[in-house]
Structure formats: structure tokens, C-alpha cells
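Report on the structure given below.
Owing to the predicted nature of the structure, the values given are computational and were not obtained by experimental measurement. Along the sequence shown, residues carry numbers from 1.
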Amino acid sequence: MASGGGRWLRGLWAAGQPLFQGRALLVTNTLGCGVLMATGDGVRQSWEIRSRPGQKFDPRRSASMFAVGCSMGPFLHYWYLWLDHLLPASGLRGLPNILRKVLVDQLVASPMLGVWYFLGLGCLEGQTLDQSCQELRDKFWEFYKADWCVWPAAQLVNFLFVPPQFRVTYINGLTLGWDTYLSYLKYRSLPHLSSEADPRPQTGGGGLCEEEPEGPMQHVARPSCEDRSQVS
């Protein structure tokens, strides 16, 4: 039984090898980013549907996440190739360069991808540029602080132990939880910081009539505005 399972895994691995070689690797990385981001949004929407009766699954929202994820795939593919060329390192002996890679990734790629995420989804969903920029200002620092909590350690493992051709796939494997968080952050409504003025007329002085009371006192006859003016 165990040997049969081992043969099946070896066969699956052999069949998947071409996906991580040559030009096919770019396609694999691109589609992997899109699929994982859409899956993360699907997980988030499932939670929202359970907690908010009446809400339905929005396939266009997940499609937008898929499109933005696919647009990030080529960037990540070439970004890691460039980092490996700029700061070649392998194993613990290359730890100083690996730490530099992690720092460059956090200071350059992470904020760039955050801006890409919010502006890209805003464009696909019909937001104006001003609306997307406002959302970016509202949510970027929360995104970036969370990014620092998650990705430096993950990238340290990535650059230390993962072969170059599997790095984007490794990141994609970790990003299911991260993409679920991104979906939450994107589609979370921020609380209003200021309340709108109450348009109803004010009661009391100034000659304005008070509103008729609601509830059990409605059957009590009250003088109209005209009656009051005649009495006065």
C-alpha cells in the first residue's frame, strides 16, 4: 500500500517537473498567483456568508482577485530572478546576502505590491483613481505592518532552503492565508469617523412645531400649528 502510494507520488512529481522549467515556469507562477488569490477570496467570502445571513457569493469579486493575482505573477517571477542575480547566496554560508535579500524584498517589493493590489482592484471594480488612492491611504499601513509580521521569516526560509525555480510556488503555497487576509482588508468597510448632520427639524424654540409623538400617545389630540398661532 505504502509502496503504491510512493510510486503515485513519484509519478505525479515527474509529471509536474516540466511545469517548473523554462518558459513554462513563468506560466506556472502567473496562474499560481491568480488561483491562490481567488481561492483566498473564496475562503473569505465563505466566512462572510456564514456570519452575514443574506449575503451571496460574488464571483466577480473573486474574478477580480484572480486577475490581479495573475498580473503580479510575472513581476514575482522576474523579481526573484533579479534578486538571485544581484545577491547570489545559498545555504547558511550565504546568510549575510540572504538577509540583504529579505530586507530589499520588504522595502521594495512589499510596498509596491500593496499599491498594486489596492489600485488594481479599484480599477477593476470601477472605482475612480481618487477613491482608490483614498482607500490606499486608509489601509496601506495596516497592510504593511501585517506584511512585516509575516513575510521576513517566510522569505528567510525561502532564500535559504528553496530552489530558485520553486520560490514563487513556495510563496503561493503560503499565501492562501495571506490572501484571505488581503480579501478581508480590501472588502472591510471602515467606520465613519464623522456623523452626518441630522436633517430633521429641531424641536423647541425658534417657532418650529414639535414632531407628533409616536407610540401609545398618538391617540391624544394635540393642537395644530394653526391653532397655536390663533391662541397666541
When clusters are formed by joining ILVMFWY residues with side-chain heavy atoms under 4.5 Å apart, either directly or through shared neighbours, do [X] and [Y] land in the same one?
X    : Y   : value
L107 : W82 : yes
F57  : W47 : no
F161 : L95 : yes

Looking only at heavy atoms, which two atoms of [X] and [Y] are closest? And how far apart?
X    : Y    : result
G69  : C33  : O-CB, 3.1 Å
S110 : D147 : OG-OD1, 3.0 Å
T180 : G40  : OG1-O, 3.4 Å
S64  : L124 : O-CD1, 3.7 Å
S62  : G42  : OG-N, 4.1 Å
S132 : C123 : OG-N, 4.3 Å

Rounded to the nearest 0.5 Å, how far apart are [atom1] of [X] and [atom2] of [Y]?
X    : Y    : atom1 : atom2 : answer
T39  : M65  : OG1   : CE    : 10.0 Å
W141 : L136 : CH2   : CG    : 10.0 Å
L26  : L31  : CG    : CG    : 9.5 Å
R100 : L87  : CZ    : CG    : 7.0 Å

### Message
Looking at K186 and D41, is there a salt bridge between them, counting it only when a charged N and a carboxylate O are closer than 4.0 Å?
### Response
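No, D41 and K186 are not salt-bridged.
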State, yes or no, whether a side-chain contact exists between [X] and [Y] at a heavy-atom distance under 4.5 Å.
X    : Y    : result
N158 : I171 : yes
P164 : R167 : yes
Q131 : Q134 : no
L99  : L156 : yes
F159 : L83  : yes

Flag, side chain of [X] to backbone of [Y], donor-acceptor distance under 3.5 Å:
X    : Y    : result
Q106 : W151 : no
K139 : R188 : yes
Y170 : A154 : yes
N29  : L25  : yes

### Message
Determine whether K101 and Y80 satisfy the following criterion, side-chain contact (heavy atoms from CB on, under 4.5 Å), listing intermediate values before the conclusion.
### Response
CA-CA 9 Å; K101 281 185 181 182; Y80 289 124; over 6 Å; no
#### Entry: Whether Y184 and Y181 hold their rings parallel, tilted or perpendicular, with breakpoints at 30° and 60°
tilted
### Query
What is the ring orientation for W148 with Y144, classed by angle as parallel under 30°, tilted 30 to 60°, or perpendicular over 60°?
perpendicular
### Query
Is there a salt bridge (Lys or Arg N to Asp or Glu O under 4.0 Å) between D179 and R44 once you walk through the steps?
CA-CA 9 Å; D179 290 338; R44 176 61 193 174; over 6 Å; no
### Task
Apply the test side-chain contact (heavy atoms from CB on, under 4.5 Å) to residues D58 and Q45: give CA-CA distance (whole Å), side-chain angles for both, the deciding distance (0.1 Å), then the verdict.
CA-CA 8 Å; D58 184 358; Q45 287 203 58; 3.6 Å; yes
### Task
Please say whether the positively charged group of R61, taken as NZ for Lys or CZ for Arg, lies over the ring of Y187, i.e. under 6.0 angstrom from the six-membered ring centre and within 45 degrees of the axis.
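Yes.
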### Message
For the OH atom on Y78, are there more than 12 heavy atoms of other groups (residues, nucleotides or ligands in this structure) within a distance under 6.0 Å?
### Response
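Count not over threshold, so no.
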Distance-only donor-acceptor hits, side chain of residues 112-121, under 3.5 Å, sequence neighbours excluded:
from	atom 1	to	atom 2	distance (Å)
W116	NE1	S71	OG	3.1
Y117	OH	L182	O	2.9

